Amino acid sequence: MNDSIRQRYLRSLPGVDQILQCEYLLEIKGDYPQRVINDSVRETVSSLRAAIIQAESEEELLNIEVQVEQLAQRALEKAKEILKPNLCSVINATGTVLHTNLGRSLLAKKAVEAVSEVSRNYSNLELDLSTGERGSRYSHVEEMLCSLTGAQGAVVVNNNAAAVMLVLNTMAQSREVIISRGQLVEIGGSFRIPDVMSQSGAHLVEVGTTNKTHLRDYENAINDNTAMLLKVHTSNYHIVGFTSQVSGSELVELGRRYSLPAVEDLGSGVLIDLSKYGLMGEPTVQECVREGLDVVTFSGDKLLGGPQAGIIVGNEKYIQQVKKNQLTRALRIDKMTCAALEATLKLYMDEGQAVRQIPTLRMLTIPVQVLEYRASSLAAFLKEHLTGKVSIQVIDGYSQVGGGSLPLEKMPTKLVSLQPNRMVTTAEAVERLRREVVPVVARVHKNQLLIDVRTVLQEEIPLLQASLVRVFKKF
Ligand SMILES: *Cc1c(COP(=O)(O)O)cnc(C)c1O
């Protein structure tokens with residue numbers, strides 16, 4: 001190609017200032033941060049210059065747009081892209097209720113309102129309004145936690161991993177903690193009991209075997225340097241077959257004999273008996289407290305359905321020690337968590353209200369007939385709008401609880417299955433759905449794209465319908 005043509009193109013390329021001064025961008029001046037607009041224009045021009053330099057034919061050059069107005073438009077698109085939030089809402093069509101990668105629990109409306117209220121205004125976060133003295137941020141939830149669980153005291157930190165670490169550090173630093181080999185759990189995202197233990201400064205003493213641990217195993221390991229008997233709820237796996245583990249009350253009884261505290265990391269921490277709703281019975285926090293465990297820790301955003309938090313409940317004596325630990329200051333919750341947790345716990349004052357208003361509980365207890373109705377309505381809409389493009393069916397399937405909770409629980413659900421008729425991979429459809437303005441995360445099984453309506457909110461249905469139609473129409 002004649003290089004003079006290339007030179008002519010380079011010369012015709014508008015300058016950054018020329019684009020910034022064009023009418024198109026002057027009209028929207030002030031609507032977007034000027035810095036972002038400047039950067040976008042600069043990038044647009046330099047990428048165009050690179051394209052001209054790299055062009056291999058005159059034809060290719062002819063396709064390169066160098067009009068000022070067009071470049072301004074392109075720069076504005078780029079600026080909008082930069083300003084779009086990275087962390088955005090997605091539609092969870094996987095049916096996994098506590099999807100850790102998708103943010104675990106959705107907050108109840110009341111909790112969202114409380115967060116909004118307390119973050120827009122000043123609050124009495126650490127002010128005792130009755131005395132005018134400095135108050136404690138934990139006081140806003142402590143009483144309610146005690147009343148709901150039956151514990152004497154409570155304190156809340158960032159997440160349950162922090163809660164476990166804090167409890168170990170407070171009660172067992174440089175001393176030994178006895179735990180069964182069947183309970184050395186790893187939770188997704190690198191929470192491993194042995195590692196948390198060493199971080200906390202406590203020494204791990206493993207007893208028993210993977211499948212069986214007896215009370216005498218704990219007893220034989222007790223010595224002068226023992227600080228605690230620890231039980232960890234195997235929340236994300238089950239050992240079945242020839243197995244036995246020591247119950248919380250047996251551990252408590254052993255601890256009393258040797259003046260040692262018995263502590264349980266409960267993981268999920270459910271406050272209502274889920275077996276009433278056809279789900280597997282998980283030990284509730286109340287039951288653990290009633291068994292006499294000195295301290296119990298659990299998550300705020302698993303089955304509880306609240307904000308990310310680590311809740312520690314137990315005997316006043318230990319809770320006081322935890323509150324005095326300097327680490328508590330480093331792991332403390334912020335006012336938004338405090339507000340969301342208080343509002344969520346208030347809903348538990350009436351179980352029916354909790355099940356209706358806390359999204360996690362509501363999704364876990366939706367009757368299958370309701371799911372069938374929702375799946376059929378979605379399928380009917382899609383059949384009407386995607387005639388001939390996709391095979392659409394409603395099929396039986398299972399949803400998962402997720403978040404490392406109730407791993408064996410398979411909740412019957414109804415799935416909308418979409419199978420493209422043309423030779424196109426379902427993986428491609430999945431990827432396109434992820435790139436929608438409100439991304440849709442779905443399941444794939446063989447060549448079927450599966451939509452589990454259990455985790456799709458009613459207000460998201462029109463968006464979901466539109467996205468599915470848009471994506472599959474292209475095939
Ligand atoms: C989930 C879980 C944790 C970690 O809780 P986060 O709130 O995610 O930090 C710790 N222990 C057990 C048993 C768990 O199930």
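Whatever order the structure lists ligands and atoms in, that order sets their numbers, starting from 1. Quick caveat, the model's predicted, so the values are computed rather than measured.
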If you count heavy atoms of other groups shown closer than 6.0 angstrom to [atom1] of [X], is the number above 12?
X	atom1	result
R35	CZ	no
Y398	OH	no
R181	CZ	yes
K276	NZ	yes
E143	CD	no
K80	NZ	yes

Taking only non-hydrogen atoms of F191 and a 4.0 Å limit, the atoms of ligand 1 in range are 10 (C), 11 (N)
Ligand 1 atoms nearer than 4.0 angstrom to some heavy atom of I187 are 1 (C), 2 (C), 3 (C), 12 (C), 14 (C), 15 (O)
Counting heavy atoms under 4.0 Å, the part of R104 that contacts ligand 1 is side chain
Only one of T234, T209, T210, T213 passes side-chain hydrogen bond (donor to acceptor under 3.5 Å, both in side chains) with S180, and that residue is T213
In short, salt bridge (Lys or Arg N to Asp or Glu O under 4.0 Å) pairs touching residues 233-250 with sequence neighbours left out are none
When distances are taken from atom 9 (O) of ligand 1, the protein heavy atom at minimum range is A161 N, 2.9 Å
Ranked by distance from atom 15 (O) of ligand 1, the top protein heavy atom is S235 OG, 2.5 Å
Can you tell me if Q183 has a non-hydrogen atom under 4.0 Å from ligand 1?
no
Please confirm whether V164 approaches ligand 1 to less than 4.0 Å, judged on its heavy atoms.
no
Below 3.5 angstrom, do we get any N/O pair linking [X] and ligand 1?
X	answer
S299	yes
D265	yes
N160	yes

In terms of its nearest heavy atom to atom 14 (C) of ligand 1, the top option of M165, Q308, H233, K302 is K302
